[in-house]
**Q** 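The structure that follows is given in the form of structure tokens.
Chain naming here is simple, since letters A, B, ... match the order of the sequence lines and numbering starts at 1 in each. Atoms considered below: every heavy atom in the structure, side chains included; atoms not considered: hydrogens, waters and symmetry mates. The model shown is predicted, which means the values in this text are computed figures rather than measured ones.
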Number of protein chains: 2
Amino acid sequence: MTPPEARDGATRTADTLATLRTEGIDAWVATASPDGMPHLVPLSLLWSEEKAVIALPASSLTARNLTATGRARLGVGPTRDVVLLDVVLDRAVDVGDDEVLADVYAAQTGWDPRGSAGYVYLVLRPTRVQAWREGNEIAGRTLMRDGVWVH
Amino acid sequence: MTPPEARDGATRTADTLATLRTEGIDAWVATASPDGMPHLVPLSLLWSEEKAVIALPASSLTARNLTATGRARLGVGPTRDVVLLDVVLDRAVDVGDDEVLADVYAAQTGWDPRGSAGYVYLVLRPTRVQAWREGNEIAGRTLMRDGVWVH
């Protein structure tokens, strides 16, 4: 099967932003314990103001890993049309403490964690964004580097 | 939207094995460096003899992390019908060194890394397997524990 023609950087960036803004989209959230034990779960994703936001119990392994290391890597989309984000933890917000964030999160994800005891929003700032479909898009896959969009 | 009725354990295990045996399926492969930096990439997956097999450059970050820590966590399927496997590295096999494994890998994944210089198969033994669709399947999500199927 011949893969589709490789997209240029500007197209890939536009496609990536459209994917991240999709209502009801999920991300695979990879984290690690400080001693190198990997963890991975799918979670609802909000993309807002150039940041990724997830909501989860503060006691969950993902939240504890993120608080300990400050790092995660997110995978979005089907495996043959992926967006990958390396992120750092910007801030943790109790679900009752930011009405605007909570409203935006509920509107985009279709799920409102307010009222779920012990849940927090983790606001994640991307440092690197990559996107590719097939092998012919591995070259040029980095769309953001050191927090700055390349295109 | 009402989620589908929660499946019982035996059904979930059968569905999980069917998913893992799907031709041409990919896995999200989460690994970590020994000091807790998470990594995540999608890779073709072979499920054979109760093990997961991936093929990748020995020099890749995923291979180096797996060799260093011996651990990965794999996510398979769409995010609302997931299979998650915690795995340990069983062995690394140069792509030229095991004809049977190479033939089975190529047949299931539709891709043959023989001839790709520096590629290895990493054979991964699951220690825990989980599967769920929606929130009503979080209870009972563990299908294998300590390497033994629960159902």
**Q** I want to know whether B:Trp47 and B:Tyr105 have ring centres closer than 6.0 Å.
**A** no
**Q** Given heavy-atom pairs under 4.5 angstrom as the criterion, report whether the side chain, backbone, both or neither of B:Leu74 touches chain A.
**A** backbone
**Q** Within the side chain of B:Thr22, is there an N or O that forms a donor-acceptor pair under 3.5 Å with the backbone of B:Ile25?
**A** no
**Q** Judged by atom type as modelled, is there a donor-acceptor pair below 3.5 Å linking the side chain of A:Arg64 to the main-chain atoms of A:Ser59?
**A**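 Present.
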**Q** Please flag which part of B:Trp111 lies under 4.5 Å from any non-hydrogen atom of chain A: side chain, backbone, both or neither.
**A** neither
**Q** Looking at A:Arg133 and A:Asp15, is there a salt bridge between them, counting it only when a charged N and a carboxylate O are closer than 4.0 Å?
**A**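 Yes.
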**Q** I need the single residue from B:Leu85, B:Val83, B:Thr11, B:Val82 that forms a side chain to side chain contact (heavy atoms under 4.5 Å, CB included) with B:Thr16. Which is it?
**A**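 One option only clears the test, and that one is B:Val83.
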**Q** Out of A:Ala72, A:Gly70, A:Pro34, return the one with the most heavy atom pairs under 4.5 angstrom to chain B.
**A**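 Sorted descending by pairs with chain B, the first entry is A:Pro34.
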**Q** Considering only heavy atoms, which portion of B:Val29 lies under 4.5 Å from any heavy atom of chain A: side chain, backbone, both, or neither?
**A** neither
**Q** So what's closer than 4.5 Å to chain A heavy atoms on B:Thr31: side chain, backbone, both or neither?
**A** backbone
**Q** B:Leu84 versus chain A, heavy atoms under 4.5 Å apart: side chain, backbone, both or neither?
**A** side chain
**Q** Should the pair B:Asp103-B:Arg114 be classified as a salt bridge under the 4.0 Å nitrogen-to-oxygen rule?
**A** yes
**Q** For A:Thr79, which atoms come within 4.5 Å of any heavy atom of chain B: side chain, backbone, both, or neither?
**A** both
